[in-house]
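Below, read A as the first sequence line, B as the second, and so on, with proteins coming before strands; counting in each chain starts at 1. Heavy atoms only: backbone and side chains are in, while hydrogens, waters and symmetry mates are out.
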2 protein chains.
Amino acid sequence: MKGIRRLAQHLDISIGTVSRALNGRSDVSEETRRRVIEAAAAMGYAPNQAGRSLRQGNTNAVGFMIELGSDASSNNDNFFLGVFDGVQSALARHHLDLVVLPCATDEDPTQYMQRMIARHLVDAMIISATHRRDTRIDVLQAARLPFITLGRSATEGEHPWIDLDFAGVARRAVDRLAAAGHRRIAVAVPSNDINLGFVFLDSYKSALTANGLPFDPALVFRVPSSEQGGYQLGHDICAMGDRPSAVVLNYELLALGLYRRLGESGLTPGRDLAVIGFREGPASRFLAPTLTCFRLSLRDLGIALGEALLASMPAYAEVYPQGIVRRIWPMELVPGESDRA
Amino acid sequence: MKGIRRLAQHLDISIGTVSRALNGRSDVSEETRRRVIEAAAAMGYAPNQAGRSLRQGNTNAVGFMIELGSDASSNNDNFFLGVFDGVQSALARHHLDLVVLPCATDEDPTQYMQRMIARHLVDAMIISATHRRDTRIDVLQAARLPFITLGRSATEGEHPWIDLDFAGVARRAVDRLAAAGHRRIAVAVPSNDINLGFVFLDSYKSALTANGLPFDPALVFRVPSSEQGGYQLGHDICAMGDRPSAVVLNYELLALGLYRRLGESGLTPGRDLAVIGFREGPASRFLAPTLTCFRLSLRDLGIALGEALLASMPAYAEVYPQGIVRRIWPMELVPGESDRA
DNA sequence: GAGTGCACCGTAAACGTTTCTGGCACGATC
DNA sequence: GATCGTGCCAGAAACGTTTACGGTGCACTC
């Protein structure tokens with residue numbers, strides 16, 4: 001005898017009553033409820049999730065899919081762990097748990113997503129690093145699974161999203177450099193089709209125009225989102241005859257590689273090339289000269305993601321009457337010495 | 001009509017036959033199997049995991065619990081993402097999926113573990129950053145859930161583990177520094193009760209002895225495992241009257257903070273203080289002077305973890321007849337310029 | 001031509017839970 | 001005193017799947 005039956009037999013009541021008592025139903029006497037709860041704690045009983053899911057049709061879990069392979073994930077441990085923490089906190093208030101679903105490098109992300117949906121492992125999903133056209137979104141919509149994306153996409157649909165303020169970062173970076181007199185401002189964008197690259201580049205262009213500067217395609221550097229990409233960026237810049245005087249980065253780790261490559265050519269950020277980095281992170285804080293970049297609270301972002309997702313789940317929509325959330329997440333400029341050139 | 005019934009009705013055969021066909025049972029004709037598989041693909045059918053788990057008593061998923069709170073995991077330079085990739089690859093060969101279970105900073109890890117076990121969400125578990133006494137292990141053993149730990153622990157038990165070669169790193173670092181003539185070699189160890197700290201310190205002490213050097217408690221620095229900890233370490237060293245001439249680090253990000261703090265005092269690693277770092281990572285590769293540290297393949301480590309876990313699961317033990325794996329994972333010295341002092 | 005074995009398939013039970021339905025006991029109401 | 005309402009609980013159905021069991025038709029054997 002196992003599970004709820006064992007508990008019921010031990011208390012000499014029916015399993016139905018045990019279930020109602022534990023689930024806070026009204027038609028149970030307070031006395032009985034107390035006995036059940038105490039016995040459950042004493043015997044270490046907790047309802048089997050499979051039985052529960054089968055009957056109720058939901059799993060009380062939310063998935064967060066990450067792609068380990070592509071540098072399109074454009075993120076690292078430190079980014080994700082911070083966000084997870086916030087999401088988990090937001091969900092825990094409703095007894096939902098977060099499970100992270102990592103898609104290995106050797107697996108197709110869309111197929112992986114389909115498998116996870118078919119498994120009915122989670123009630124809702126969060127996906128990050130959205131592509132310009134993201135087939136994962138099509139799959140999620142076809143499955144009618146509530147979801148939110150961290151990052152926008154050109155894929156049609158009415159789904160909720162939260163996106164970092166890439167446009168604002170690019171604009172403020174260009175404004176700042178232009179105000180300091182720079183006229184040849186380069187930009188780094190991802191070499192794949194991740195959506196933020198388009199947003200970043202568009203905003204960069206219009207900021208140039210707004211500052212009366214011409215757009216020069218030779219100043220757009222497509223590099224992988226990694227330190228290697230930053231190194232390559234530095235290499236490409238150093239190899240140019242007519243070097244830009246400043247560069248705006250779109251990914252946090254680019255600054256590391258760029259600094260190193262500049263150093264190898266005897267160049268100093270902030271003196272020979274003005275650099276504005278992207279996200280402030282553990283590594284960027286220790287660069288010399290200090291990096292001008294942008295700050296955000298990962299935990300707050302995670303909480304906002306969790307709450308926006310809850311708002312899109314029918315069972316919680318009344319608690320979070322925000323409708324479909326579409327939100328640009330602000331980032332705060334942290335001045336450093338790297339853009340003093 | 002949903003699920004397997006819909007598929008069976010569409011094919012005009014019984015649900016039992018559909019199930020047997022999809023699960024590769026023998027007593028179904030090849031012709032029928034083909035039809036079923038094709039129809040399943042066409043209709044996007046995949047068995048509901050809740051029903052499956054309930055019947056079979058397992059979930060075909062493995063959990064990897066990480067503590068978002070502990071400072072050992074707060075900023076770890078893509079350590080986890082690399083390991084996940086390997087684990088996932090190893091498990092995928094047996095149609096098992098990896099789900100990562102992040103324990104939020106505001107939740108007790110042991111309670112979280114108990115909740116996850118009670119949910120019957122996974123068939124086996126991986127835990128990392130084991131403490132000297134780790135109650136999560138007790139909980140796992142009481143639940144009779146197969147598990148493996150990444151890191152050892154003083155907790156009694158016969159469970160499998162894989163541990164990075166902290167002892168070897170400390171010994172080789174001390175040997176190398178002693179051979180270079182250093183006589184006052186400091187060491188950084190974590191300020192919490194994570195197990196690797198004890199291993200690291202013990203090995204450091206015996207290596208001193210082996211090299212005929214005295215042990216000086218004043219040269220043991222207990223600092224948090226973070227860049228902040230490294231900064232604090234640098235601060236403490238700079239404040240000493242009789243400074244050590246070398247220091248051995250136990251955590252990858254310490255080097256970043258240490259470099260910065262030394263710089264603030266006008267000191268240069270490799271000239272004023274010999275530094276041997278721990279794990280080579282994206283950040284450490286960009287330090288100047290280059291850091292002497294140790295290398296390992298995270299993906300291979302993950303694969304080994306996955307296979308060792310499979311070996312401890314009754315259903316897969318015959319495929320992986322390795323018994324209970326207890327293994328020190330080697331790390332390779334990467335010479336740099338930081339220990340030339 | 002009855003018996004035997006085999007390949008294939010349908011039927012139904014079982015997994016652990018929640019929830020619907022019904023029913024008992026008791027007090028209140030007219 | 002019959003009726004009604006209410007508080008509480010037992011019983012059973014249902015969720016979607018796998019699997020033990022039994023049965024049918026066919027080929028083959030003596």
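Candidate nucleotides D:dT18, C:dT17, D:dG16 were compared by shortest atom distance to the side chain of B:Asn23, and D:dT18 ranks first. Picking from C:dC8, C:dG16, D:dT18 the nucleotide with the shortest atom distance to the side chain of B:Ser29 gives C:dC8. In the set C:dT19, D:dT19, D:dG16, the nucleotide with an atom closest to the side chain of B:Arg25 is D:dT19. In this structure, of D:dT19, C:dC9, D:dC9, it is D:dT19 that holds the atom nearest to the side chain of B:Ser19. Checking C:dC9, D:dC9, C:dT18 against the side-chain heavy atoms of A:Gln56 singles out C:dT18 as nearest. The side chain of B:Tyr45 has D:dT17 as its nearest neighbour among C:dT17, C:dG16, D:dT17. Considering only the side chain of A:Arg5, C:dT17 comes nearest among C:dT17, C:dG10, D:dT19.
Between the side chain of B:Arg20 and the base of C:dG10, a donor-acceptor pair under 3.5 Å is found. Put simply, the side chain of B:Arg55 and the base of D:dT18 share a donor and an acceptor less than 3.5 Å apart.
Rounded to the nearest 0.5 Å, atoms CD (A:Glu67) and NE2 (A:His131) are 4.5 Å apart.
For C:dC15, neither phosphate oxygen OP1 nor OP2 lies less than 4.0 angstrom from any side-chain nitrogen or oxygen of B:Ser53. Phosphate contact (OP1/OP2 of D:dT18, side-chain N/O of B:Arg52, threshold under 4.0 Å): present.
In this structure, A:Lys2 atom NZ and C:dA14 atom C1' are separated by 12 Å, rounded to whole Å. Atom CG in B:Leu7 sits roughly 15 Å away from atom C1' in D:dT18 (whole-Å rounding). Whole-Å rounding puts the A:Ile13 CD1 to D:dG7 P distance at 19 Å. Counting to the nearest Å, the P atom of D:dA13 and the CG atom of A:Leu54 are 17 Å from each other. In this structure, B:Asn48 atom CG and D:dC15 atom P are separated by 12 Å, rounded to whole Å. Computed from coordinates, the B:Leu11 CG to C:dC8 P distance equals 17 Å when rounded to whole Å.
Mapping B:Ser14 and B:Gly51 onto DNA chain C via the closest heavy atom, the residue that lands nearer the 5' end is B:Ser14.
A donor-acceptor contact closer than 3.5 angstrom is absent between the side chains of B:Arg35 and B:Thr32. Judged purely by distance below 3.5 Å, without hydrogens or angles, the side chains of B:Asn195 and B:Thr130 never pair a donor atom with an acceptor atom. For the residue pair A:Thr110 and A:Thr135, a side-chain donor N or O sits within less than 3.5 Å of a side-chain acceptor on the partner.
For the side-chain contact (heavy atoms from CB on, under 4.5 Å) criterion with B:Leu310, the lone passing option out of B:Val319, B:Leu96, B:Val325 is B:Leu96.
The shortest side-chain heavy-atom distance between A:Arg52 and A:Asn23 falls under the 4.5 Å cut-off. For the pair B:Thr59/B:Leu121, no side-chain contact is recorded, criterion being any heavy-atom separation below 4.5 Å from C-beta on. Contact check for A:Ser297 versus A:Trp329: no side-chain heavy atoms found under the 4.5 Å cut-off.
Heavy atoms of A:Ser26 sit nowhere under 4.0 angstrom from any nucleic acid atom. Across all strands shown, B:Gly16 has heavy atoms under 4.0 Å from base atoms, whether or not it also approaches the sugar-phosphate.
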Protein and nucleotides 22-27 of chain D: nitrogen or oxygen contacts under 3.5 angstrom:
none

